[in-house]
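Contents: one structure, followed by commentary.
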There are 2 protein chains.
Amino acid sequence: MMPFAGMSATAERVVDAAECLIQQHGYNGFSYEDVARQVGIKKPSIHHHFSTKAELAAMVARRYTQRFREQLHGIEERHAIAPARLKAYAALFEQTFADEKRLCVCGMLGAEADSLPDEVTSEVTRFFKANLDWLTAVVAEGQQASLIRPKPSSAAIAETFLCALEGAMVVGRGMRSSRGPAAAGAVLLATLRT
Amino acid sequence: MMPFAGMSATAERVVDAAECLIQQHGYNGFSYEDVARQVGIKKPSIHHHFSTKAELAAMVARRYTQRFREQLHGIEERHAIAPARLKAYAALFEQTFADEKRLCVCGMLGAEADSLPDEVTSEVTRFFKANLDWLTAVVAEGQQASLIRPKPSSAAIAETFLCALEGAMVVGRGMRSSRGPAAAGAVLLATLRT
DNA sequence: GTCTATATTGTGATAGAC
DNA sequence: GTCTATCACAATATAGAC
């Protein structure tokens with residue numbers, strides 16, 4: 001698979017369009033025609049950049065995960081203690097959702113996982129694993145500093161935190177009056193602090 | 001729209017099949033052909049029972065919500081105090097998910113909401129509203145009995161609880177090693193108890 | 001209620017000219 | 001790299017016989 005570094009300007013615009021479409025309609029809800037229209041080229045030109053839909057979606061997920069990793073590093077630089085880091089993490093989800101209720105790319109693909117090519121699902125797994133690893137480390141750090149309650153385990157708290165944020169996006173879509181990911185994160189954080 | 005009471009045996013089997021397909025592949029991931037194959041009749045016969053796909057999906061969501069309401073009443077009868085009720089509530093999600101990682105019908109449809117007919121989305125909203133109302137009442141009761149921490153508000157806790165369970169199903173699908181909804185519920189409950 | 005047959009549209013993907 | 005043209009197939013939906 002092509003690395004992002006070597007992507008042409010057009011290929012990037014294709015991935016941009018596909019990312020947006022996946023967040024709004026899901027893998028089964030968008031077509032090459034939709035991407036072509038959004039980029040301003042014709043359908044077969046998309047195939048020149050990504051020969052199959054699975055390959056395109058996998059690239060979307062891969063780039064999304066990569067960017068997420070970079071943002072996690074940014075949080076580590078800007079925030080020193082665990083509660084502040086978790087709040088900033090929740091804000092990432094809020095930012096995405098605030099833009100026309102866009103879903104997390106891998107939240108959407110995770111829901112659809114059963115009808116997705118393995119090529120795509122494996123990227124989704126990578127995303128969740130990277131997030132859980134980071135969250136678990138942050139929570140453990142907070143527990144050692146006595147800023148976060150010692151029980152449940154850091155891994156259990158991390159997973160619940162991620163689930164609440166992903167779920168907030170899904171529930172928020174189906175409801176007019178939802179609070180959104182930031183609020184869900186705030187509630188959890190309030191109950192986790194010592 | 002037809003009430004469930006007046007549904008023929010075949011119509012019910014159609015709804016059963018559609019429900020299962022939505023839980024596994026989503027609205028955009030199943031076809032009348034899939035339903036027909038599963039029920040054992042031909043495609044046009046499905047149209048005789050539900051003239052459009054939107055109508056069929058709306059019926060699936062409606063029946064799902066109705067059955068959920070009945071299970072909530074069952075929980076009230078079997079469990080007296082709020083923490084026990086919340087644990088039983090989480091178990092409902094766990095039961096669904098334990099069966100081949102099936103998603104909540106309205107969790108899946110909520111994620112897809114942007115590309116769904118209004119007829120379907122409105123049923124999804126109804127589901128979430130019914131759940132939040134019930135959860136909020138249960139949490140408030142627990143707070144009054146000093147079994148659940150007084151802050152955050154009952155509505156905020158209720159929404160976070162629902163989000164964590166819905167999210168656990170989505171994340172669980174994308175990951176091999178996920179803990180599932182019951183575990184997410186247990187973590188939250190542990191942090192909420194006084 | 002169910003069927004065969006068909007209309008119509010959309011899909012992912014390919015061939016080959018420029 | 002992009003295009004026109006086209007393929008093979010699947011989708012929702014309808015008409016009309018039984």
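In this text the structure is predicted, and so the values were computed from the model without any measurement. Note: hydrogens, waters and symmetry copies are ignored here, and every other heavy atom, side chains too, is used. Labels below follow one simple rule: chain letters A, B, ... track the order of the sequence lines, proteins then strands, and each chain is numbered from 1.
- Considering B/His47, B/Glu55, B/His48 in turn, B/Glu55 is the only one that fulfils the side chain to side chain donor-acceptor pair (under 3.5 Å) rule with B/Ser51.
- As rounded to whole Å, 12 Å separates atom C1' of C/dG1 from atom CD1 of B/Ile46.
- Using a 4.0 Å cut-off, no side-chain N or O of B/Ser45 falls inside it from OP1 or OP2 of C/dG1.
- Screening A/Asn131, A/Leu132, A/Val124 against B/Met175 for a side chain to side chain contact (heavy atoms under 4.5 Å, CB included) leaves a single residue, A/Leu132.
- Here A/Gln23 contributes atom CD and A/Met169 contributes atom CE; the two are 7.5 Å apart, rounded to the nearest 0.5 Å.
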Q) Reading nucleotides 11-18 of chain D 5' to 3', which nucleotides get B (base under 4.0 Å from a protein heavy atom), which S (sugar-phosphate only), which -? A) SBBB----
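- Distances from the side chain of A/Ser8 to the nucleotides D/dG1, C/dT2, D/dC3 place D/dG1 closest.
- Contact check on B/Arg13 versus B/Asp16 returns no salt bridge, with no Lys/Arg side-chain nitrogen under 4.0 Å from an Asp/Glu carboxylate oxygen.
- Going from atom NE2 of A/His48 over to atom C1' of D/dT4 covers 17 Å, rounded to whole Å.
- Within the 4.0 Å cut-off from OP1 or OP2 of C/dG1, not a single side-chain nitrogen or oxygen of B/Thr10 is found.
- In this structure, a donor-acceptor pair under 3.5 Å is present between the side chains of B/Asp34 and B/Ser31.
- Taking the six-membered ring for Trp and thresholds of 30 and 60 degrees, A/Trp134 and A/Tyr89 have nearly parallel ring planes, at less than 30 degrees apart.
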